[in-house]
Amino acid sequence: MPLFLITGHSGTGKSTLAAELSRRGFLTIDADLDQTLMQWRCLKTKKAISIPERPFDFSKHQTFWNEEIMERWLRSPKPRFICGISGNIETYLPRFENIFVLEASEATARGRILSRADNLFGKDAIEWQAIVSARKKWNPWYTHRHTVLNAESPVEDLAGQIIETLPSLARFDAYFRRTKSAPRAFAFLAAHVAATIAEPALCLT
């Protein structure tokens with residue numbers, strides 16, 4: 001079954017886009033907020049730790065995806081979007097059918113981080129500098145097929161761009177809107193099978 005990744009640095013709108021895709025009927029996981037998937041680890045020992053004190057010192061600890069849970073999701077028969085970023089994201093990039101990278105200017109990212117009420121990460125000057133440093137480094141997902149999206153666009157437009165990119169998504173969107181009583185996984189499966197038979201796989205560069 002198709003599995004799609006939506007990633008990008010802090011402040012690019014991953015959680016907002018996850019909520020929009022979920023509202024449209026897609027099975028979506030906000031990995032940055034899922035406490036069963038995301039775990040803090042000591043970079044020296046590689047062992048899981050409790051949430052560190054603020055501000056976070058990313059030279060000592062970082063968030064990673066729990067391998068056991070991630071593997072379970074990757075093998076799940078249910079299609080889904082996974083939205084997020086982690087210290088071990090590079091390991092999983094080849095497993096996604098398509099990767100969507102959200103990009104926003106530094107000013108836009110800073111404004112969003114300061115304005116969000118449900119997430120304090122990045123508001124502190126030390127954490128913000130860590131984000132700035134990460135933005136300037138090489139991004140591992142650029143070695144894989146991907147689609148870059150302008151994260152400064154309205155979230156409705158971003159969701160629409162993703163849906164229009166892949167025939168299976170567009171078919172599911174139309175199918176689900178017509179038959180909202182049908183199970184989402186079944187609707188997505190029917191649409192994806194139809195797209196696979198009718199059209200060759202897309203290679204996004």
Check side chain to side chain donor-acceptor pair (under 3.5 Å) between [X] and all other residues, then give those that pass, not counting sequence neighbours.
| X | value |
| --- | --- |
| T108 | S105, E152 |
| E71 | R75, R95 |
| N119 | none |
| S115 | none |

Taking the side chain as every heavy atom from C-beta outward, state whether [X] and [Y] have any atom pair closer than 4.5 Å.
| X | Y | answer |
| --- | --- | --- |
| I126 | Q129 | no |
| Q161 | E164 | no |
| L5 | N98 | no |
| C42 | K47 | no |
| I6 | I82 | no |
| F4 | I162 | no |
| V101 | T147 | no |

Notebook entry, point to check: For D32, which residues count as a salt bridge (charged side-chain N to carboxylate O under 4.0 Å, His left out) partner, sequence neighbours excluded?
Noted result: K14
Note to self: Run the salt bridge (charged side-chain N to carboxylate O under 4.0 Å, His left out) test against E53 and tell me which residues pass, sequence neighbours left out.
What the structure shows: none
Is there a path of hydrophobic side-chain contacts, each under 4.5 Å between heavy atoms, that joins [X] and [Y]?
| X | Y | value |
| --- | --- | --- |
| I85 | W65 | yes |
| I29 | F64 | no |
| L37 | L33 | no |

Could you pull out the closest heavy-atom pair between [X] and [Y], with the gap in Å?
| X | Y | value |
| --- | --- | --- |
| R135 | A104 | NH2-O, 2.8 Å |
| T36 | N66 | O-CB, 4.0 Å |
| L158 | S153 | CD1-O, 3.8 Å |

Can you name the residues that form a side chain to side chain contact (heavy atoms under 4.5 Å, CB included) with [X], not counting sequence neighbours?
| X | result |
| --- | --- |
| P154 | E156, D157 |
| E67 | R41, N88, Y92 |
| Q35 | M38 |
| S133 | none |

Item checked: Linked hydrophobic residues, I51 as query - side chain contacts closer than 4.5 Å -> W40, I49, F56, F58, I113, F121, W128, I131, V132
Between [X] and [Y], is there a donor-acceptor pair closer than 3.5 Å when you use the side chain of the first and the backbone of the second?
| X | Y | answer |
| --- | --- | --- |
| R112 | A107 | no |
| T12 | A151 | no |
| T28 | F26 | yes |

Checklist line | Residue pairs involving residues 116-127 (criterion salt bridge (Lys or Arg N to Asp or Glu O under 4.0 Å); sequence neighbours excluded) | finding: R54-E127
Note to self: Check E106 with R110, please: is the shortest side-chain N to carboxylate O separation under 4.0 Å?
What the structure shows: no
